[in-house]
K.L.:
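Below you'll find the structure I mean.
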Number of protein chains: 2
Amino acid sequence: MASQFAGLVRKPRADAVRNRERVLEAAKAVFSAGGPEASLEAVARHAGVGIGTLYRHFPTREALYEAVYRREVDQLGDLAEQLNDEADPVEALRHWLHANVQFVATKKGMAAALALVAHGSPELHAYSLERLTRAIGALLARAVAAGEIRADISAEDVLRALIGLCYMHDQAGWQSTVLRLLDVFIDGLRVQPAKATAAKRKPVKKALKRKR
Amino acid sequence: MASQFAGLVRKPRADAVRNRERVLEAAKAVFSAGGPEASLEAVARHAGVGIGTLYRHFPTREALYEAVYRREVDQLGDLAEQLNDEADPVEALRHWLHANVQFVATKKGMAAALALVAHGSPELHAYSLERLTRAIGALLARAVAAGEIRADISAEDVLRALIGLCYMHDQAGWQSTVLRLLDVFIDGLRVQPAKATAAKRKPVKKALKRKR
DNA sequence: CGCATATACGGAGGCATCCTCCGTTTTACA
DNA sequence: TGTAAAACGGAGGATGCCTCCGTATATGCG
């Protein structure tokens with residue numbers, strides 16, 4: 001097994017793999033805490049490696065953002081695929097969208113960094129869009145095939161709406177608000193909107209009080 | 001008129017007012033072009049003032065973001081108030097939401113900066129939320145009073161949905177996508193969802209082609 | 001097992017930007 | 001027009017970005 005690709009690619013050194021992993025962990029932690037402007041030297045210190053090591057693995061700040069970003073995206077994609085087992089297609093969709101809110105909720109600082117990198121790297125943006133779109137596409141297609149969701153809204157559209165809404169992670173209680181807005185959006189998606197609203201069908205938080 | 005507050009507050013110096021204005025203009029231009037990471041010294045140069053002057057008016061980078069942000073918010077608020085004359089309440093709402101998309105569209109780089117500051121300053125965020133919420137509240141209230149919009153969604157909710165969606169300014173064609181999603185959202189808001197969708201009622205762009 | 005070499009490590013250092021401090025200049029008011 | 005308060009602007013110390021290269025170490029072969 002050692003020389004499977006002997007001569008072509010050398011097996012990567014153990015310390016390199018370990019350090020790369022350490023830096024990624026540290027980056028996630030430091031960015032989550034200090035926001036995307038955090039010093040890269042702080043990341044290196046936190047990872048217990050030299051600044052040179054950090055820069056060899058991730059030549060630019062954006063490259064580091066990217067690496068973390070890719071991880072998050074893959075996790076979300078996997079989750080969507082698992083949800084294909086759910087019985088009710090619309091509920092599966094709702095479930096995934098709501099799960100995303102939880103996902104983002106655990107990494108406040110990161111979200112800003114991810115937003116920045118998504119804005120900066122077309123290639124990465126294309127990748128994540130493709131990955132997530134395909135993942136959510138299955139959920140959506142099932143609901144459309146069942147005649148429960150209008151067919152003129154694409155998976156990209158739903159994805160955009162979700163990401164946009166999730167970006168609103170600014171104040172206490174944002175989660176319940178976003179969940180409610182997602183339900184409204186799902187109502188808008190329905191082919192024949194039922195009289196009962198999504199909020200009624202699944203009260204996110206009982207008797208959530210509103211300002212007006 | 002000169003000594004209205006004589007002894008209490010001195011009239012601010014003309015050059016101070018002028019320079020503050022210059023810096024704000026320069027900041028808007030430089031951030032719009034170069035993104036939120038642009039050098040403050042570049043802003044000062046562009047404004048034709050010394051770096052010290054910039055820092056006296058805006059002690060931190062965030063303070064400068066804030067000042068620009070406030071302006072934008074006020075402009076949006078004013079726009080909403082003007083729209084109270086519109087005949088159809090739902091259309092007035094739609095009009096304002098769509099106008100926002102145009103507004104954001106002209107300042108790509110700024111949007112990232114605004115997002116950052118909104119994330120950082122609770123006070124400013126509260127102010128802008130209050131300003132815009134009250135502005136949009138009138139539009140919404142009219143539509144609810146007319147029985148056209150469900151009453152369990154607050155002005156804050158609509159605002160969040162809008163800002164979230166508008167944050168998706170990442171690729172060519174994002175505007176038409178966002179406009180379409182806003183229409184879906186408005187459909188979700190309706191008390192008795194009509195069979196005709198918003199897209200049918202007012203085609204944003206005739207025969208907009210979709211990926212799938 | 002031990003050596004040779006490719007590979008990775010780490011931090012010194014050059015450069016850019018941040019931000020403060022203070023001597024100089026300008027303005028408002030009497 | 002005089003004067004004191006206020007603003008100007010840039011020099012300079014501090015910090016962070018990123019490169020470069022001498023040193024250390026893992027891998028694979030003899």
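Lettering of chains follows the sequences in order, A, B, ..., and the numbering in each one begins at 1.
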K.L.:
Atom NE2 of B:His57 and atom P of C:dT20: how far apart are they, to the nearest Å?
P.N.:
15 Å
K.L.:
Would you call A:Glu21 and A:Arg18 a salt bridge, using N to O less than 4.0 angstrom?
P.N.:
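A salt bridge is absent here (no side-chain N lies under 4.0 Å from a carboxylate O).
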K.L.:
Nearest heavy-atom pair of B:Arg20 and B:Ala67: which atoms, and what distance?
P.N.:
NH2-CB, 4.3 Å
K.L.:
How many whole angstroms separate atom CZ of A:Arg22 from atom P of C:dA8?
P.N.:
16 Å
K.L.:
C:dA8 C1' sits how many Å from A:Glu21 CD, rounded?
P.N.:
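After rounding, the reported distance stands at 17 Å.
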K.L.:
Using atom CG of B:Leu64 as one end and atom P of C:dC18 as the other, report the distance to the nearest whole Å.
P.N.:
11 Å
K.L.:
Going by the rule side chain to side chain donor-acceptor pair (under 3.5 Å), which residues pair with B:Asp88 if we only count those two or more places apart in sequence or in a different chain?
P.N.:
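For B:Asp88, no residue satisfies side chain to side chain donor-acceptor pair (under 3.5 Å) once neighbours in sequence are set aside.
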K.L.:
Detail all sub-3.5 Å separations between protein N/O atoms and N/O atoms belonging to nucleotides 22-26 of chain D.
P.N.:
from: D:dT25; atom 1: O2; to: A:Arg13; atom 2: NH1; distance (Å): 3.0
from: D:dT25; atom 1: O2; to: A:Arg13; atom 2: NH2; distance (Å): 3.4

K.L.:
Among residues at least two apart in sequence or on other chains, which ones pass side-chain contact (heavy atoms from CB on, under 4.5 Å) with B:Ala14?
P.N.:
none
K.L.:
How far apart are the closest heavy atoms of B:Ala63 and B:Phe58, and which atoms are they?
P.N.:
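Minimum heavy-atom separation between B:Ala63 and B:Phe58: O-CD2, 4.0 Å.
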K.L.:
Can A:Glu25 and A:Arg22 be counted as an ion pair, charged N to O under 4.0 angstrom?
P.N.:
no
K.L.:
For D:dA7 and B:Thr53 - does any side-chain N or O of the residue sit under 4.0 Å from the phosphate oxygens OP1/OP2?
P.N.:
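The answer is no; no side-chain N or O of B:Thr53 sits under 4.0 Å from OP1 or OP2.
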K.L.:
Partners of B:Arg13 by side chain to side chain donor-acceptor pair (under 3.5 Å), sequence neighbours excluded?
P.N.:
B:Asp15
K.L.:
Can you list, pair by pair, the side-chain donor-acceptor contacts under 3.5 Å of residues 39-46 of chain A, counting residues two or more places apart and other chains?
P.N.:
from: A:Ser39; atom 1: OG; to: A:Glu41; atom 2: N; distance (Å): 3.0
from: A:Ser39; atom 1: OG; to: A:Ala42; atom 2: N; distance (Å): 3.1

K.L.:
Please write out the pairs of protein N or O atoms and N or O atoms of nucleotides 16-21 of chain D separated by less than 3.5 Å, giving the distance to one decimal.
P.N.:
from: D:dC17; atom 1: OP1; to: A:Leu40; atom 2: N; distance (Å): 3.4
from: D:dC17; atom 1: OP1; to: A:Arg61; atom 2: NH2; distance (Å): 2.5
from: D:dC17; atom 1: OP2; to: A:Leu40; atom 2: N; distance (Å): 3.2
from: D:dC18; atom 1: OP2; to: A:Tyr55; atom 2: OH; distance (Å): 2.9
from: D:dC18; atom 1: N4; to: A:Glu41; atom 2: OE2; distance (Å): 3.4

K.L.:
For a quick test of reading the model: is some side-chain N or O of A:Asn19 closer than 4.0 Å to OP1 or OP2 of C:dA8?
P.N.:
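A:Asn19 to C:dA8 OP1/OP2: no side-chain N or O under 4.0 Å.
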